[in-house]
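Heavy atoms only: backbone and side chains are in, while hydrogens, waters and symmetry mates are out.
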Amino acid sequence: MKTYLRYKVLNVVDIKEIIALEYLDFEGKYKNYVEKHDFWELCYVERGTVFLDMDNEKHKLSENEIMLIAPNTIHSYFSDNGNETKVFVICFESSSRLLKSMGDIRFFADAERRESLRRIISECKQTFCFDENGAMELQENPAFGGIQAILVQLEYLLISLLRTLSTEKNREVVFLNEDTFYESITDVIIEFLKTNVEKKLTLKEICAKVNYSSSFLCRKFKAQTGETMIEFFNRLKVEEAKKRLVDTEKAVAAISLELGFSEVKYFGAIFKKNTGLSPTEYRKKNKIGGKL
């Protein structure tokens, strides 16, 4: 009997959401407003030349060049070519760590990449429409599978760009082996938990951040950290609570609520489990000159 081997698919690029798609309208000398947002933006110069100002550093992008703008980067566009300039922009959310290596590099759109971009633009026109304010809306009868087709083409394009980096000299970008993948996905989760320490997150919401099954992520996270995701999250909350207990005069109940606990009794139990003291005892012991 023939033996079939199974291979786990490790996504080096994972697009979670399309946020905006647009052509920038350059009429005369044009400079768009300065903006900053918490998602990725890909800029493709289809025709002409555009200047991209990112964190006060100016980049000149020529026809058939691509540049990615990392989340939380202050940026704006400028062109002095007027209607001769045509720029396609696509904004998306991704937790893929490898994209961080691409935030300030110009890439050339060869024939294969231009074809990916052409397909993205074509699927956009068949899937979305735009209101008078430029807001993106799903058409009444969108192309079947249009959103997925956009995601697939965009992921393929980004993989192509990453391959360029992985083969260039003096570049440290490499494809993840299995061990590095698990470490990286754990780092993404940890960063997400730190950023949202004041929120009440469920296991489902945490796993949705990286779009993998909870059973897989729970197993790998504990193997990497020795704790479950919820145990780790609660420990982060306790560390933050310790600071607030010492640095402020806020009531224990108020701190508990600020850190996403609906019941102060449960907060107290988690705090004591991690420190050996109740929140009140910890405050008395650690306030300047305090004693138990």
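Residue Leu236 holds its CG atom at 12.5 Å from CD of Glu198, rounded to the nearest 0.5 Å. Atoms NZ and OG, on Lys272 and Ser278 in that order, are 6.0 Å from each other to the nearest 0.5 Å. Note that the OG1 atom of Thr202 and the CE atom of Met229 stand 10.5 Å from one another [nearest 0.5 Å]. Considering NZ of Lys86 and CG of Leu24, their distance stands at 11.5 Å, rounded to 0.5 Å. Here Arg106 contributes atom CZ and Leu61 contributes atom CG; the two are 6.5 Å apart, rounded to the nearest 0.5 Å. Atom CG of Asn274 sits about 12.5 Å away from atom NZ of Lys237, to the nearest 0.5 Å.
Neither Ile19 nor Leu151 shares a network with the other; the hydrophobic side chains, linked directly or stepwise wherever heavy atoms of I, L, V, M, F, W or Y lie under 4.5 Å apart, form separate groups for each. The hydrophobic clustering, which links ILVMFWY residues whose side-chain heavy atoms are closer than 4.5 Å, places Val246 and Phe267 together. Following chains of ILVMFWY side-chain contacts shorter than 4.5 Å, one can reach Ile159 starting from Leu117, so the two form part of one hydrophobic cluster. Following chains of ILVMFWY side-chain contacts shorter than 4.5 Å, one cannot reach Val197 starting from Leu257, and the two form parts of different hydrophobic clusters. In the hydrophobic cluster analysis, where Ile, Leu, Val, Met, Phe, Trp and Tyr join through side-chain heavy atoms closer than 4.5 angstrom, Val89 is grouped together with Val45.
No salt bridge links Glu281 with Lys285; every basic N to acidic carboxylate O contact stays at or beyond 4.0 Å. In this structure, Arg119 pairs ionically with Glu115, as a charged nitrogen and a carboxylate oxygen lie closer than 4.0 Å. Comment: Glu205 does not engage Lys199 in a salt bridge, judged by the lack of any side-chain N to carboxylate O separation of less than 4.0 angstrom. Ionic pairing of Arg163 and Glu112 is not present here: no N-O contact between side-chain nitrogen and carboxylate oxygen is shorter than 4.0 angstrom. Between Glu239 and Lys242 a salt bridge is recorded (basic side-chain N to carboxylate O distance below 4.0 Å).
Taking both residues in full, the closest heavy atoms of Leu203 and Ile230 are given as N-CD1, 4.4 Å, listed atom of the first, atom of the second, then distance. Between Glu155 and Ile15, the shortest heavy-atom contact is OE2-N, 2.9 Å. Phe221 and Ile190 make their closest contact through CE1-CG1, 3.9 Å (heavy atoms, listed as atom of the first residue, atom of the second, distance). Closest of all the heavy-atom pairs between Thr186 and Lys220 is OG1-O, 4.3 Å. Residues Lys16 and Ser95 approach most closely at CD-OG, 4.3 Å, considering heavy atoms. Nearest heavy atom pair, residue Val264 against residue Ala253, reads CG2-CA, 3.9 Å.
Arg283 is listed as a side-chain neighbour of Ile255, based on a closest heavy-atom distance under 4.5 Å. Looking at Gln139 and Thr127, their side chains never come closer than 4.5 Å, going by heavy atoms from C-beta outward. Glu46 places a side-chain heavy atom less than 4.5 Å from the side chain of Tyr23. With a 4.5 Å cut-off on side-chain heavy atoms, Leu158 and Leu68 count as touching. The side-chain heavy atoms of Ile120 and Phe88, taken from C-beta on, include a pair separated by under 4.5 Å. With a 4.5 Å cut-off on side-chain heavy atoms, Leu245 and Val252 count as touching. Counting only heavy atoms from C-beta outward, the side chains of Leu138 and Ile147 approach each other to under 4.5 Å.
Counting non-hydrogen atoms of neighbouring residues, nucleotides and ligands closer than 6.0 angstrom, the OH atom of Tyr156 reaches no more than 12 such neighbours. Residue Glu263 places its CD atom among 12 or fewer non-hydrogen atoms of other residues, nucleotides or ligands, all under 6.0 Å distant.
Proximity of a side-chain donor or acceptor of Thr195 to a complementary backbone N or O of Glu191 within less than 3.5 Å is detected. Between the Ser96 side chain and the Asp14 main chain, a donor and an acceptor come within less than 3.5 Å of each other. A distance-only check finds a donor-acceptor pair linking the side chain of Asp55 to the backbone of Ile74 [under 3.5 Å].
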Derivation of the side-chain contact (heavy atoms from CB on, under 4.5 Å) call for Ile150 and Cys124: CA-CA 7 Å; Ile150 293 169; Cys124 289; 3.9 Å; yes
Residues Phe232, Ile189; criterion side-chain contact (heavy atoms from CB on, under 4.5 Å); working and verdict: CA-CA 10 Å; Phe232 190 95; Ile189 293 171; over 6 Å; no
Check against side-chain contact (heavy atoms from CB on, under 4.5 Å), Gln153 and Glu123: CA-CA 10 Å; Gln153 289 297 326; Glu123 291 292 345; 5.8 Å; no
CA sep, side-chain torsions, deciding dist, call: Leu217, Ile206, side-chain contact (heavy atoms from CB on, under 4.5 Å): CA-CA 10 Å; Leu217 289 176; Ile206 297 170; over 6 Å; no
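Listed by first and then second residue, the side chain to side chain donor-acceptor pair (under 3.5 Å) pairs involving residues 58-71 are Tyr44-Asn64 (not counting sequence neighbours).
Aromatic ring orientation, His75 versus Tyr77: perpendicular (interplanar angle above 60°, classes split at 30° and 60°). The aromatic rings of Phe92 and Trp40 sit parallel, their planes meeting at an angle under 30°, below the 60° perpendicular limit.
In this structure, the ring pair (Phe, Tyr, Trp, His ring centres under 6.0 Å) partners of Tyr266, at least two apart in sequence or on a different chain, are Phe261.
Side-chain contact annotation: Arg113 with Thr164, donor-acceptor N/O pair under 3.5 Å present.
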